[in-house]
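Only one structure is covered here, and it is reproduced in the block below.
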Amino acid sequence: PLTSTSSATLISIEERGLSAQYFNNQDFTNPVLTRTDATVNFDWGQGSPDQAVTTDHFSVRWAGQILPTQSEAYTFYTHSDDGVKLWVNGQLLIDHWTPHAVAEDSGVINLIAGQKVDIQLDYYEHTGHAVSQLLWSSPSQVKEVIPQSQLFVGDRVARIQSADFVNALDWGTLGTNEIRDSVSPTNLNDYYRFSINTPSHLNLNLSGLTANANLNVLDSQGNVLNS
């Protein structure tokens with residue numbers, strides 16, 4: 001049974017790279033693969049990103065945050081075959097959403113050193129060669145593929161649970177597209193659940209979080225007892 005000293009601690013974790021969802025269609029529905037890509041620097045040739053993904057008519061959505069090192073205008077570039085759209089800090093910088101051979105597109109935005117901003121890259125492969133690369137440059141930054149060191153999946157939450165939680169709590173089964181011990185940054189409905197099998201006292205400590213965290217206590221009927 002749980003005791004008054006039983007506790008779980010949720011801590012913030014920064015994961016480098018971008019969250020990547022892969023789809024076997026061009027309308028971004030029903031992902032077949034979710035993973036973290038260190039960078040966007042892919043030339044799949046006539047092949048596929050993964051055995052779960054078809055060689056043609058697939059799409060990818062990369063999302064996360066980017067951290068500029070200087071306060072200045074940054075130029076973002078995509079090398080793509082086929083369609084591509086890029087948003088940085090909510091602004092659509094690149095929109096080349098047509099089938100095409102490998103092409104470079106670019107857009108410019110002012111960023112502030114040390115301030116992360118949201119980034120999203122949508123890509124689809126029509127047929128034939130498949131390429132998707134994301135680069136940047138600035139007056140003080142040479143043109144390069146954006147490195148993993150400046151890309152962030154977003155704030156994740158990991159749990160540390162005390163020994164007597166193991167049998168008392170059911171944290172729920174992790175889905176195939178979830179990272180163990182984390183809350184998905186791309187799914188706002190993702191959460192940890194647990195059930196207490198016997199009347200007991202529970203202490204839950206939240207620490208180190210940089211995003212909002214909500215705790216709701218519900219009875220077996222789903223009624224909120226405390227939040």
Side-chain angles (χ1 to χ4, degrees), residues 14-23 25-28 31-50 53 55-126 128-156 179 184-186:
E14 285 187 334
E15 183 177 4
R16 302 297 176 102
L18 293 176
S19 172
Q21 289 186 305
Y22 291 77
F23 308 82
N25 53 56
Q26 295 176 195
D27 58 6
F28 302 98
V32 295
L33 173 67
T34 300
R35 67 188 189 191
T36 298
D37 287 337
T39 62
V40 182
N41 186 22
F42 298 102
D43 184 342
W44 293 295
Q46 304 286 328
S48 163
D50 185 88
V53 182
T55 56
D56 291 319
H57 304 290
F58 68 85
S59 59
V60 190
R61 172 166 288 160
W62 289 279
Q65 294 182 309
I66 188 166
L67 180 65
T69 59
Q70 306 295 326
S71 297
E72 55 193 10
Y74 279 79
T75 302
F76 287 81
Y77 309 85
T78 56
H79 295 166
S80 66
D81 179 352
D82 292 282
V84 65
K85 290 185 180 182
L86 175 67
W87 293 263
V88 178
N89 201 23
Q91 297 184 35
L92 180 61
L93 296 187
I94 295 173
D95 186 356
H96 193 175
W97 202 245
T98 61
H100 56 261
V102 178
E104 180 177 273
D105 296 283
S106 63
V108 180
I109 186 172
N110 290 314
L111 299 177
I112 299 175
Q115 291 191 10
K116 295 178 187 175
V117 296
D118 292 339
I119 187 167
Q120 179 176 312
L121 177 65
D122 286 0
Y123 163 82
Y124 80 84
E125 157 63 0
H126 185 57
H129 210 81
V131 175
S132 186
Q133 297 172 316
L134 179 61
L135 307 88
W136 68 351
S137 70
S138 73
S140 56
Q141 168 66 59
V142 298
K143 185 178 179 181
E144 65 174 359
V145 171
I146 301 176
Q148 183 181 16
S149 62
Q150 305 311 118
L151 298 173
F152 297 83
V153 173
D155 290 319
R156 298 190 295 114
I179 303 171
S184 167
T186 58

Residues in side chain to side chain donor-acceptor pair (under 3.5 Å) contact with [X], at least two apart in sequence or another chain:
{"X": "Asn89", "result": "none"}
{"X": "Ser137", "result": "Tyr77"}
{"X": "Thr39", "result": "none"}
{"X": "Gln148", "result": "none"}

Inter-residue atom distance [X].[atom1] - [Y].[atom2], 0.5 Å rounding:
{"X": "Thr36", "Y": "Leu151", "atom1": "OG1", "atom2": "CG", "value": "11.0 Å"}
{"X": "Gln133", "Y": "Leu121", "atom1": "CD", "atom2": "CG", "value": "11.0 Å"}
{"X": "Ile109", "Y": "Phe76", "atom1": "CD1", "atom2": "CZ", "value": "7.0 Å"}
{"X": "Ile112", "Y": "Thr69", "atom1": "CD1", "atom2": "OG1", "value": "13.5 Å"}
{"X": "Thr78", "Y": "Asp105", "atom1": "OG1", "atom2": "CG", "value": "4.5 Å"}

Val145/Leu134 under side-chain contact (heavy atoms from CB on, under 4.5 Å): CA gap, chis, key distance, verdict: CA-CA 6 Å; Val145 171; Leu134 179 61; over 6 Å; no
Testing the basics here: between [X] and [Y], what is the closest heavy-atom pair and its distance to 0.1 Å?
{"X": "Gln46", "Y": "His129", "value": "NE2-N, 3.7 Å"}
{"X": "Glu104", "Y": "Lys143", "value": "OE1-NZ, 2.7 Å"}
{"X": "Leu67", "Y": "Gly114", "value": "CD1-C, 3.4 Å"}
{"X": "Ser138", "Y": "Ala73", "value": "CB-O, 3.4 Å"}

From CA spacing to verdict: side-chain contact (heavy atoms from CB on, under 4.5 Å), Tyr22, Ser59: CA-CA 6 Å; Tyr22 291 77; Ser59 59; over 6 Å; no
Can you sort out the partners of [X] under salt bridge (Lys or Arg N to Asp or Glu O under 4.0 Å), two or more places apart, ordered by chain and number?
{"X": "Glu144", "result": "none"}
{"X": "Asp37", "result": "Arg35"}
{"X": "Asp122", "result": "Arg61"}

Side-chain donor or acceptor of [X] paired with backbone N/O of [Y] under 3.5 Å:
{"X": "Asp118", "Y": "Gln65", "result": "no"}
{"X": "Ser132", "Y": "Ser80", "result": "no"}
{"X": "Asp56", "Y": "Gly128", "result": "yes"}

Pair Phe58 + Trp44: ring centers closer than 6.0 Å: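 So the answer is yes for these two rings.
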Who passes ring-ring contact (aromatic ring centres under 6.0 Å, His included) against [X], sequence neighbours left out?
{"X": "Tyr123", "result": "none"}
{"X": "His96", "result": "His100"}
{"X": "Trp136", "result": "Tyr74"}
{"X": "Phe23", "result": "Phe28"}

Pair Ser140-Glu72, side-chain hydrogen bond (donor to acceptor under 3.5 Å, both in side chains): steps then yes or no: CA-CA 9 Å; Ser140 56; Glu72 55 193 10; 2.4 Å; yes
Validation row: Val53, Val32 side chains within 4.5 angstrom (heavy atoms):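 They are in side-chain contact.
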Ile66 and Ile146, any side-chain heavy atoms less than 4.5 Å apart: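 The answer is yes; the side chains approach within 4.5 Å.
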For Asp95, side chain to side chain contact (heavy atoms under 4.5 Å, CB included) partners two or more places apart: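 Here the qualifying residues are Lys85, Leu92, Trp97.
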Trace of the side-chain contact (heavy atoms from CB on, under 4.5 Å) decision for Gln141 with Gln70: CA-CA 9 Å; Gln141 168 66 59; Gln70 306 295 326; over 6 Å; no
Phe152/Arg16 under side-chain contact (heavy atoms from CB on, under 4.5 Å): CA gap, chis, key distance, verdict: CA-CA 4 Å; Phe152 297 83; Arg16 302 297 176 102; 3.0 Å; yes
Asp43 side chain to His79 side chain, donor-acceptor N/O pair below 3.5 angstrom: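 Short answer, no.
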